Novice: 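Mind having a look at this structure? Questions to follow.
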Amino acid sequence: MIAVENLSVVWPEFQLREISLHIERGEFFALLGPTGAGKTVVLESIAGLVRPTSGSIRVAGRDVTRLAPELRNIGIVYQDYALFPHLTVLENIRFGLRYVPPTDRPAPSWLDGLIDLLDLQRILHRLPLNLSGGEKQRASLARALAVQPTVLLLDEPLAALDPRFRDEIRHTLKQLHEQFDITLLMVTHDFDEARYLAGRIGVLCNGRLEQVGPAAEVFQRPATPFVAGFVGMKNIFPGRRCDDRLEFAGLSCPLPGEVVGNPDHVALRPEDIVLRHQASFAAPMVTCHGTIERIVPAGFWHECTVRCDAARFSAVLSRRAMVEGGFQEGDMVFLGFEPAALHAF
Amino acid sequence: MSPSHENTCRVRPGGEGIRLLPGNRFFYLNGFFSVIILLFILLPLLRMVTQPSLTDLLATIRDPEVLASLWLSIYTAGAAAFLSLLFGTPLAYLLARHEFIGKKLVESIIDLPIMIPHPVVGIALLSLAGRNHWLGKVMASLGVTIMGSVTGIIAVMTFVGLPFYINSAKAGFEGVPVRFERVARSLGAGPASAFFRVTVPLSWRHLLCGVILCAARAVSEFGAVVIVAYHPMIAPVLMFERFTAYGLKYSQPVAVWLILACLGLFLLMRLVARPMRRVP
């Protein structure tokens, strides 16, 4: 549905380099990356709101690289909703209808269905100024969908919302994707959001596409240290393979199953690390000895930084595990993990 | 009219009112200076408005020469404001939306009419429109004269009023996020459609404000007009003539009527702008 080939956007202060991306019809694709990675530039290039320096963009089999945005039939929803403040919600939703040829215009009943689905019935005649974030985002979605775009682009659709509206809109997005025959491309910096909503994920860093793949694969087998860090593998060490063992951070452990070739990085999720006061780990577990440097409570979890001889590990413990283990900063502890939890790349 | 007119037109975010913290001597100092400056503006005007007797005023307004000059002043200023709106809006929009080499230069050129001495404006326009310049010859062959004509007055007024309209309109366009236009484009609106359906409704207060400022500047122009067109006489020129020929007493009533007419018009424009329910 969307085929981006070697897309480059070069600005004095920013570069997007040779992005290639293929998104299937009906897919929900998430483009993931930190702020400033160029995610929005990719979206706006596809929508025609930014002029690419080189490369081509095809949408629904049609080369749109040099086509004006209004001729592309691509909807875009921004994180700040960008509802027209001088128009009511209904007028916002109907804004684009006059540009649709009369024969293609959606039936009034279809539009009512959309309004019902997005639960906008009660606020149709209100101005955006007085709406909550969730209402604004739903109105903005309705406005984009009303003209029945072939592709809908979502620019951080949940980022500006309060947590309670975030769940609501997240659910709405999932629902929209299931009920409408539409291809969705979402940009976000939140991995959990992407994993929940999207089938496939692309990770963008400094204007370069680092990895593209199914959400689960990106989560389990990140391809670069950057992606590993981004999907929550906080422990990333330089490492190497010595025959059938993996050496990193002063440790030597058996190879996890999937290693191919010669990796130079080893990553480990903080939640896969177990802390104990005694070295009572069973056989396959890899163990090392260290000191708890810092404990930071984070919601239901505690993040512990453990200093071993050659490296610092970050571990996440549930509150219960913290209390039962009685860990304190400065404690000498044993740290253990399954070799299978390691990811080498 | 000062070049820092943008502040006079800001849409207030809401009536916060003056709330004083205790011990704010600085506030009273500010207040003291403000009162002085307000008196400086108001006293001469009040004095002038109250000096002529009612009979003088009534006699003046029945004078056909005065009426003609007032009417000429108002409609030439209106025409100048309209021309500024027509030709200034595209430039203001370009400046608000695009970065290009020499933009600062263009912006300075727009501000030029504010700073050059007014007679210079008149002389410059005349020299271009005179018989010695090809443009003047072309215009003469088309029957357009600048010297001593209404066309000339409007040309001069547009020249001096344009910066006020363009700067105000530019500020208004800059206040409309580009994102709104982008969304409009993605919904199928062409650039012009996005401009008229989104940008203009969100910046019309600034545009109107610019028109008022431009008209106000035009109506107050004397130095340039007097060089280009002593006749037909606009109100300021008539005042000047009566002042030099008969003295202060005879020029004052004309001034009072001009002030009243302008005040009434500008108030009317602001009132027209008011009842719109959609405040951007």
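Heavy-atom basis, side chains included; hydrogens, waters and symmetry copies ignored. Order of the sequence lines fixes the chain letters, A, B, ..., with proteins taken first and strands second; residue numbering starts at 1 for each chain. Remember, it's a predicted structure, so these values are computed and weren't measured experimentally.
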Novice: Between A/Phe95 and B/Val198, is any pair of side-chain heavy atoms under 4.5 Å apart?
Specialist: yes
Novice: How about residues 88-103 of chain B versus chain A: which residues have heavy atoms under 4.5 Å apart?
Specialist: none
Novice: Look at atom CZ of A/Arg170 and say whether more than 12 heavy atoms of other residues, nucleotides or ligands are closer to it than 6.0 Å.
Specialist: yes
Novice: Taking NE2 in A/His22 as the centre, count heavy atoms belonging to other residues, nucleotides or ligands within less than 6.0 Å. Is the count above 12?
Specialist: yes
Novice: Within this structure, what is the OG-CD distance for the pair B/Ser193 and A/Glu70, rounded to the nearest 0.5 Å?
Specialist: 9.0 Å
Novice: What part of A/Arg143 is in contact with chain B, defined as an atom under 4.5 angstrom from a non-hydrogen atom: side chain, backbone, both or neither?
Specialist: both
Novice: Are more than 12 heavy atoms, taken from residues, nucleotides or ligands other than A/Phe14, located less than 6.0 Å from that residue's CZ atom?
Specialist: yes
Novice: Heavy-atom count around B/Phe266 CZ within 6.0 Å, excluding the residue itself: above 12?
Specialist: yes
Novice: Heavy-atom count around A/Asn206 CG within 6.0 Å, excluding the residue itself: above 12?
Specialist: no
Novice: Side chain, backbone, both or neither: which part of A/Ile74 has a non-hydrogen atom closer than 4.5 Å to chain B?
Specialist: backbone
Novice: Is B/Pro191 in contact with chain A via its backbone, its side chain, both, or neither, using a 4.5 Å heavy-atom distance?
Specialist: both
Novice: Counting heavy-atom pairs closer than 4.5 Å to chain B, which one of A/Asp80, A/Leu71, A/Asn73, A/Leu49 comes out on top?
Specialist: A/Leu49
Novice: Hey, are the side chains of B/Arg197 and A/Phe84 touching, using non-hydrogen atoms and a 4.5 Å cut-off?
Specialist: no
Novice: What's the separation between atom CD1 in A/Ile46 and atom OG in B/Ser186, rounded to the nearest 0.5 Å?
Specialist: 13.5 Å
Novice: If every non-hydrogen atom of B/Leu187 is compared with every non-hydrogen atom of A/Ala144, which pair is closest and at what distance?
Specialist: CD2-CA, 4.1 Å
Novice: Can you tell me if B/Trp71 has over 12 outside heavy atoms packed within less than 6.0 Å of its CH2?
Specialist: no
Novice: How far does CZ of A/Arg72 sit from CZ of B/Arg185, to the nearest 0.5 angstrom?
Specialist: 10.0 Å
Novice: Against chain B, label A/Ala82 side chain, backbone, both or neither, depending on which of its atoms sit under 4.5 Å from a heavy atom there.
Specialist: both
Novice: Which heavy-atom pair separates B/Pro201 from A/His86 by the least distance, and what is that distance?
Specialist: CB-CD2, 3.3 Å
Novice: Which bit of A/Leu97 is near chain B, if near means a heavy-atom gap under 4.5 Å: side chain, backbone, both or neither?
Specialist: neither
